[in-house]
Structures are given as structure tokens and as C-alpha cells.
Amino acid sequence: MYTQSFNVPDQANDTPTAGAAASLKAVPAPLSISEAALQADFDARIDADGRIEPQDWMPEAYRKTLVRQISQHAHSEIVGMLPEGNWISRAPSLKRKAILIAKVQDEGGHGLYLYSAAETLGTSRDQMFDALHTGRAKYSSIFNYPTLTWADVGVIGWLVDGAAIMNQIPLCRCSYGPYARAMVRVCKEESFHQRQGYEALLVMMSGTDEQRAMVQDAVNRWWWKCLAMFGPPDADSPNSAQGMRWGIKRISNDALRQKFVDATVPQAKVLGVTLPDPDLKWNETRQQHDYGAIDWDEFWATVNGNGPCNKERLGTRVKAWNEGQWVRDAALAHARKQQARRMLEAA
Ligand code: 3HC
């Protein structure tokens, strides 16, 4: 299963772009003498694997990269509430309903920690929501697919949360302090999400033929999307080299994808499902699994707004935002009244 034990030291082969990364300089523009000294301090701290905190000087490009990644991550968490939230009213038992409500609520909490972490970089929540609602911000491709049966909820827990943990555990060692600290708690909760999904599937697999077929069908539909979730191949990932040079990303997209495949194959065996890839096989030389070709055209179409549920997901978020306006107005009016009362009392 996925635990903090995946937080292993980086290996040379986790960093296929290491050569390119080593030659990168944090800021290309000419710097003043004092900026050059600040830049040197920043580089030295990154090289020593130290943490950067909100009050520290940082290059503008580092700040921008973090705002981009953390806000996309936050959006993914809150959009990720939708495909599963869809099943709360149809959960097959009180126990499953309680677990699902807790899980969906956790995702909302993850979004809030992450928006808060991004705010420490000088962006505002309104700016981030505006980018999401107007379609300018990305969020994870995986949440643009429909959840057709109850088995999808189990498979999302097992595979989607499993892939998310694999990607997120190295982020607990991200060079930016607030992001790294938020990720520690997020990963603990994601671990519960992954386990509850796997356990729900184990129960279904010991049920009827129809239930087993439902699980296999869900695995067939989600497997390839989960592999794509790790992002484009390293050679086509424009942000990886710099992200790794700055200690934001610790393990490359392809290396994480490989770790996920290797961890998931034995779990599928225990569960009794087939992973839908005829090319999936153990490679004795590499001591890793080989796997088939991912459909990157489909991935990019989804990332660029043309997946099966993009419009529905964004529409739901915008509707929730608009319908929640009166709550935000009321909370602000209440806060203003309280402040006025405190000022009167103090006068
Ligand atoms: N979905 C949507 N966009 C994706 C993507 C995906 N699965 N994978 C990559 N992209 C985008 C990148 O954001 C980038 O776009 P941009 O330059 O316009 O911002 C572009 O594709 C190129 O990709 P890169 O590999 O160069 O980008 P990164 O270096 O940022 O790596 C990442 C992408 C691995 C997703 C990295 O940003 C990351 O680790 N982010 C934090 C984790 C995260 O956001 N996870 C999302 C899932 S959260 C979740 O699943 C919730 C859980 O509860 C289930």
C-alpha cells in the first residue's frame, strides 16, 4: 500500500533531466548587486536542500512556478470532490456513505490548505478562483471523466488516490516550506482514501459475478487515465527540469509513473482484476514493469478543456461559486459588525 515509506531519497535515475537541470540558473535576467547576493543565498539554500519560507527573498520565476503548481493542485482537490460527491446519495450502505462523505470532505480541506499555501506567495484566493472559473487555470485531467457505477468510487480510491499519493509524497520534501508542510497532512489523509477504495473493491470482488464485472469494467476505464495523470513524458515536460533544480519536484513524471505501475501490479493480482494492457510485463533486466503506449492526444485534449466532463465540472464549480455569494456577503457583513462593535467598546 502507499505510505510515507515511499518518501525515499532521490535516485540518480529518478532525474533523467538532471544534466539539463544542473546547468539551469534560477533567473536569467541581469541582477543588481544586492539582488545577485540574494540570488546567491537562495541558490545556496536550494543546493543545501534547505527550505524557503514566505518571508524569504525568492526569484520571481520560483514564486510564479509555485503559484502555478500549488493553485492547480488546489483546484484539482476541489474539482476532485465532484465525481465522487455524485455518489454520496447513492452509496450502497450507511457505512459506505459515511466513508465517502468523510473522503469528499477531506478533499475540500486539502483544497483549503493548498489555497492558503499559495496565498503566502502573494496571490489571492479571488485571483485563483477567477482563473479556475474562467477556464484559464488547469486542474488534473483525471477529474474530467464520468463515474458510471459504484465500482468507480472504489477504483478512484485505489488508483486515482494511489497515483495522487505517489506523486504527492515527494512533495512533502518540496523546497517551499508551506507547501511541504501542507502535503504531510494531505498525504496521511490520501492514504486512508486509497485504503478505503481498495477495501471496497475487495468486498465487491468477493461478491457476485455482476459485481466482479463491474469492478473490472471500472478498472478498464480508469487505468490509462491514471497513468496519464503523472503528466507528460519527461522529454515533453517543459516545467520539470527547472522544478527539479529548485527542489519543488523531487522525482520526475516518468519515474513516478513507473513506481505507480510497479506498486499496482501486485495489488491487482490480490484483488483478482486484470490491468487492461497487453504489453504490461515484468522486465527482468530493468527490474521494473514494461507497459504499453499512453494516448497523449487524448490527455492533451482533456487538459485543454475537451474531455468528456470538462464543461460539466467547470459549470458546477461556477454555479456553486455564484450561489454561495450570499454566504460570503453575510460572513463579511457579520465580521464588519463585530469589528464595529469591538471598536465602540474600546472607545
Ligand atoms: N492534468 C492536467 N494538467 C497537467 C497534468 C494533468 N494530469 N499533468 C501535467 N499537466 C500540465 C502541467 O500543469 C503543465 O501545464 P502549465 O505549464 O500550463 O501549467 C503542462 O501540463 C506540462 O506539464 P509539466 O510536466 O511540465 O508540469 P509540472 O512540472 O508542473 O508537472 C505535475 C505536472 C506532475 C502535475 C505537477 O504540477 C505536480 O506534481 N503537481 C502537484 C500535484 C497535483 O496537482 N496533483 C493533481 C492531482 S490532485 C488529486 O488527485 C486529488 C486527490 O484527492 C485524488
Handout entry: Single-linkage hydrophobic cluster, 4.5 Å side-chain cutoff, W57 and I46 together
Key = yes
Problem - Shared hydrophobic cluster, V79 / I101 (ILVMFWY, side-chain heavy atoms < 4.5 Å) - result: yes
Completion exercise
Here the pair of heavy atoms bringing V155 nearest to V219 is CG2-CG2, 3.9 Å
Handout entry: R45 and D41 ion-paired at < 4.0 Å
Key = no
Handout entry: Any donor-acceptor pair under 3.5 Å from N253 side chain to P232 backbone
Key = yes
Problem - Chi angles and distances behind the salt bridge (Lys or Arg N to Asp or Glu O under 4.0 Å) call for K259, D262 - result: CA-CA 5 Å; K259 279 176 190 278; D262 293 335; over 6 Å; no
Practice task
Decide, yes or no, whether a salt bridge links R250 with D49 under the criterion of side-chain N to carboxylate O below 4.0 Å.
Solution key: yes
Problem - Single-linkage hydrophobic cluster L94~W87, side-chain heavy atoms < 4.5 angstrom - result: no
Exercise for the section: Decide whether V203 and V215 are clustered together by the hydrophobic rule: side chain heavy atoms of Ile, Leu, Val, Met, Phe, Trp, Tyr closer than 4.5 Å, transitively. Expected result: no
Exercise for the section: May I ask you to say whether D254 pairs ionically with R257, meaning some side-chain N is under 4.0 Å from a carboxylate O? Expected result: yes
Exercise for the section: Please work out which of the three classes, parallel, tilted or perpendicular, describes the rings of Y198 and W158, given edges at 30° and 60°. Expected result: tilted
Practice task
Answer whether the closest heavy-atom distance between the side chains of I70 and L121 falls below 4.5 Å.
Solution key: yes
Practice task
Using a 4.5 Å cut-off on heavy atoms from C-beta on, say whether the side chain of L132 contacts that of L314.
Solution key: yes
Exercise for the section: Indicate yes or no for a side-chain donor-acceptor contact from E189 to the backbone of V186 under 3.5 Å, with no hydrogens or angles considered. Expected result: no
Problem - Pairwise side-chain contact, T302 with Y145, heavy-atom cut-off 4.5 Å (strictly under) - result: yes
Handout entry: Side-chain heavy atoms of K95 within contact of I99, under 4.5 Å
Key = yes
Problem - Ion pair E199/R96, N-O distance below 4.0 Å - result: yes
Fill in the blank from the handout: In terms of heavy-atom contacts, A118 and T123 come closest through O-CG2, 3.3 Å
Problem - Check: S140 side chain, S76 main-chain N or O, donor-acceptor pair, under 3.5 Å - result: no
Handout entry: Backbone N/O of S124 and side chain of Q127: donor-acceptor pair under 3.5 Å
Key = yes
Practice task
Using a cut-off of 6.0 Å, state whether more than 12 heavy atoms not belonging to Q105 lie near its atom CD.
Solution key: no
Exercise for the section: Ignoring hydrogens and angles, state whether a donor on the side chain of E190 or H193 is under 3.5 Å from an acceptor on the partner side chain. Expected result: yes
Problem - Worked check of side chain to side chain contact (heavy atoms under 4.5 Å, CB included) between Y179 and I52 - result: CA-CA 10 Å; Y179 192 24; I52 307 297; over 6 Å; no
Handout entry: Min side-chain heavy-atom separation W224-F299 under 4.5 Å
Key = no
Exercise for the section: Could you tell me whether the side chain of F143 reaches within less than 4.5 Å of the side chain of E77, counting heavy atoms only? Expected result: no
Fill in the blank from the handout: Value for OH (Y62) from CG (D56), rounded to nearest 0.5 Å, stands at 9.0 Å
Residues 337-347, side-chain donor-acceptor partners within the protein, below 3.5 Å, at least two apart:
none

Problem - Within one Ile-Leu-Val-Met-Phe-Trp-Tyr cluster: W300 and L227, side-chain cutoff 4.5 Å - result: yes
Problem - Under 3.5 Å: donor-acceptor pair, side chain of D277, backbone of G292 - result: yes
Handout entry: T147 side chain to P83 backbone, donor-acceptor under 3.5 Å
Key = yes
Handout entry: Test item: M58 and Y176 side chains (from C-beta on) under 4.5 Å apart, heavy atoms
Key = yes
Exercise for the section: Could you point out which residue of D106, N86, V104, T316 forms a side chain to side chain contact (heavy atoms under 4.5 Å, CB included) with M81? Expected result: V104
Handout entry: Inter-residue atom distance Q194.CD - I156.CD1, 0.5 Å rounding
Key = 13.5 Å
Handout entry: Where W222 and P146 come nearest, the two heavy atoms and their spacing
Key = CZ2-O, 3.4 Å
Exercise for the section: Flag the pair N239 / I248 as yes when at least one side-chain heavy-atom distance between them is below 4.5 Å, and no otherwise. Expected result: no
Exercise for the section: Working to the nearest 0.5 Å, report the span between CG of D43 and CG of L38. Expected result: 11.0 Å
Fill in the blank from the handout: Here the pair of heavy atoms bringing S252 nearest to M244 is N-CE, 3.7 Å
Practice task
Ignoring hydrogens and angles, state whether a donor on the side chain of Y113 or R185 is under 3.5 Å from an acceptor on the partner side chain.
Solution key: yes
Handout entry: Side chain Q258, main chain H289, donor-acceptor under 3.5 Å
Key = yes
Exercise for the section: For side chain to side chain contact (heavy atoms under 4.5 Å, CB included), just list the numbers for D161 and Q196, CA-CA rounded to whole Å, side-chain angles, deciding distance to a tenth of an Å, and then say yes or no. Expected result: CA-CA 10 Å; D161 289 82; Q196 66 77 37; 5.7 Å; no
Practice task
Please check if the side chain of W326 supplies one atom and the backbone of E323 the other of a donor-acceptor pair under 3.5 Å.
Solution key: yes
Exercise for the section: Kindly assign one of parallel, tilted or perpendicular to the pair W321 and F129, based on the angle between their ring planes and the thresholds 30° and 60°. Expected result: tilted
Exercise for the section: Evaluate the criterion side chain to side chain contact (heavy atoms under 4.5 Å, CB included) for residue pair R221 and L148; output intermediate values, then yes/no. Expected result: CA-CA 10 Å; R221 282 182 289 106; L148 302 182; 3.7 Å; yes
Practice task
Apply side chain to side chain donor-acceptor pair (under 3.5 Å) to the pair S237 and D234, showing each step before the final yes or no.
Solution key: CA-CA 5 Å; S237 162; D234 295 344; 5.7 Å; no
Exercise for the section: Determine yes or no for a side-chain-to-main-chain donor-acceptor pair under 3.5 angstrom, with R173 supplying the side chain and A180 the backbone. Expected result: no
Handout entry: Approximate separation, where rounding is to 0.5 Å, of C174 SG and W246 CH2
Key = 11.5 Å
Exercise for the section: Check whether more than 12 heavy atoms from other residues, nucleotides or ligands sit under 6.0 Å from atom CG of L332, and answer yes or no. Expected result: yes
Exercise for the section: Take R136 and D130 through the salt bridge (Lys or Arg N to Asp or Glu O under 4.0 Å) test and state the conclusion after the steps. Expected result: CA-CA 8 Å; R136 285 178 289 122; D130 187 57; 2.7 Å; yes
Handout entry: Distance (rounded to the nearest 0.5 Å) between S240 OG and I251 CD1
Key = 12.0 Å
Exercise for the section: Could you pull out the closest heavy-atom pair between K138 and H75, with the gap in Å? Expected result: O-CD2, 3.8 Å
Practice task
Could you grab the distance from atom OG1 of T274 to atom CG of L280, nearest 0.5 Å is fine?
Solution key: 10.5 Å
Practice task
I would like to know whether R125 and S116 meet side chain to side chain donor-acceptor pair (under 3.5 Å); could you show each step before the answer?
Solution key: CA-CA 8 Å; R125 211 168 284 212; S116 300; 3.2 Å; yes
Problem - Atom of M205, atom of V273 and distance for their closest heavy-atom approach - result: CE-CG1, 3.7 Å
Handout entry: Residues H73, Y139; criterion side chain to side chain contact (heavy atoms under 4.5 Å, CB included); working and verdict
Key = CA-CA 7 Å; H73 192 168; Y139 59 86; over 6 Å; no
Exercise for the section: Please confirm whether the backbone N or O of C172 pairs with a side-chain atom of R181, one donor and one acceptor, at under 3.5 Å? Expected result: no
